[in-house]
Amino acid sequence: MSERKVLNKYYPPDFDPAKIPKLKLPKDRQYVVRLMAPFNMRCKTCGEYIYKGKKFNARKETVMNELYMGLPIFRFYIKCTRCLAEITFKTDPENTDYAMEHGATRNFQAEKLLEEEEKKITKDREEEELNNPMKVLENRTRDSKMEMEVLENLQELKELNQRQASVDFEGMLGTYKELEQRTKEQEKEEDERETREMLERALVKRLRDSDSDSDQEGESSSRPKKPSTDRPTDILTTDRLTDPQSLSVGGVKKAKVESWERSVGGLGGGGALGSLVVRKKPATSVPNPDTTVTPAGSNTQTVSKAAAIVPTAATKPITAQNGSSSLSLLGAYSDSDDSNNSE
């Protein structure tokens, strides 16, 4: 597949450009071009104004048998935007402009007329001076006299302005310089003041930070240090802190808690929830030497007859060693009587 954007083309060795047939096109053929109106114009048919810069699809052709210093002159055909009448104009290389030809009139332009008039006067004067040397002298004398009059009038205007308006230009310049210098000094002072304030704020902030750090260090040193735990749930597996005296007296070191016993607890249950659950201890009482308690496992208790003589108000509850409920002396006496009767 050949390239889409080729720069070089292949020419065979036997290529002869003279054998290429030439197209015979007419010299006055027309091209369609896109252009803008070169000046303001008014249509002669309907009176529509066509302003400079309006775009048209125009037909362009070369004017036959009309040249200016070897440059060809082109003619353009456009249509009115309202009535579609044909309007033509052509180039004017002599005046570097366009010339209206047919179908419309060019609007009045004072500047163009003034330029044309000046060019006409200059051309006539050159023609007169070309053949008449006295005319050249007269024109020079008149030009110098006119120049002197212009200079005198200008000097009079300057003196009149100085009399009416006494303006001290040197003083104005000096005042402006002083004002500019004062403004620069104020800007410099403001910059220095802002820099000083920024440094003071930074110093105060640094002092405050150092004071707060020292206060925090003092508070941390005054506070008692809490026992550190590896995890928040380690308190569930460790025993409560015992009295330091008992630790010093006993001198028994705690066994090391393994990693698998920290959050779950040991199988023995000795310290799983020992720091959170408080067990209720049974009330202990001093045994009476006059009473006799049967060993654990028996359902009856024998009390001596001497204890039965004791008044009811002086009786005290006695707790058995086997963990059974408390019995009074009166109740023990009744039980002993029942056992005797049964015998």
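Side-chain atoms are counted along with the backbone in the values below, which use heavy atoms only and exclude waters and symmetry mates.
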Not counting sequence neighbours, list each pair that qualifies as a salt bridge (Lys or Arg N to Asp or Glu O under 4.0 Å) and has a residue in residues 135-155. Arg125-Asp143
Using the rule that Ile, Leu, Val, Met, Phe, Trp and Tyr join whenever any side-chain heavy atoms are under 4.5 Å apart, tell me whether Val33 and Ile73 fall into a single cluster. no
With rounding to the nearest 0.5 angstrom, report the OG1 to CG distance, Thr105 to Asn40. 11.0 Å
Which value, rounded to the nearest 0.5 Å, describes the distance between Leu207 atom CG and Leu203 atom CG? 4.5 Å
Step by step, would you call Asp92 with Tyr98 a side chain to side chain contact (heavy atoms under 4.5 Å, CB included)? CA-CA 5 Å; Asp92 186 9; Tyr98 290 85; 5.9 Å; no
In a check of ring pair (Phe, Tyr, Trp, His ring centres under 6.0 Å) between Phe76 and each of Phe89, Phe56, Tyr31, which one passes? Phe89
Name all residues meeting the salt bridge (charged side-chain N to carboxylate O under 4.0 Å, His left out) criterion together with Arg206; count only those two or more places apart in sequence or in a different chain, and write none if there are none. none
Residues Gly103 and Ile87: closest non-hydrogen pair is O-CG1, 3.9 Å
Run through Leu160, Leu154, Asn153 and flag the one making a side-chain contact (heavy atoms from CB on, under 4.5 Å) with Glu156. Asn153
Only pairs under 3.5 Å count here: list side-chain donor-acceptor contacts from residues 175-192, not counting sequence neighbours, and write none if there are none.
{"unit_1": "Thr175", "atom_1": "OG1", "unit_2": "Gly171", "atom_2": "O", "d": "2.8"}
{"unit_1": "Thr183", "atom_1": "OG1", "unit_2": "Leu179", "atom_2": "O", "d": "2.8"}

Residues 111-124 vs side chain to side chain donor-acceptor pair (under 3.5 Å), sequence neighbours excluded, gives Asp97-Lys112
Ignoring hydrogens, what is the shortest heavy-atom contact between Cys80 and Ile50? Give both atom names and the distance. CA-CD1, 4.4 Å
Intermediate values then yes/no, side chain to side chain contact (heavy atoms under 4.5 Å, CB included), Val204 and Arg208: CA-CA 6 Å; Val204 170; Arg208 289 178 180 175; 3.6 Å; yes
Please list all pairs meeting salt bridge (Lys or Arg N to Asp or Glu O under 4.0 Å) that have one or both residues in residues 38-53, counting only residues at least two apart or in different chains. Glu48-Arg82
Rounded to the nearest 0.5 Å, how far does NZ of Lys54 lie from OG1 of Thr81? 5.5 Å
Of all heavy-atom pairs linking Phe15 and Ile20, the shortest is CZ-CD1, 3.9 Å
When you check the gap from the basic side-chain N to the acidic O, do Glu200 and Arg196 get nearer than 4.0 Å? no
Hey, could you give me each pair passing side chain to side chain donor-acceptor pair (under 3.5 Å) that has a residue in residues 56-73? Not counting sequence neighbours. Gln30-Arg59, Gln30-Glu61, Arg34-Asn57, Arg59-Glu86, Glu61-Arg75, Glu61-Tyr77, Glu66-Lys90
Does any non-hydrogen side-chain atom of Thr91 lie less than 4.5 Å from one of Leu71? no
Please answer: with hydrophobic residues joined when any side-chain heavy atoms are less than 4.5 Å apart, are Val63 and Met100 in the same cluster? no
Membership question, hydrophobic clusters at under 4.5 Å side-chain separation (ILVMFWY): are Met41 and Phe74 in the same one? yes
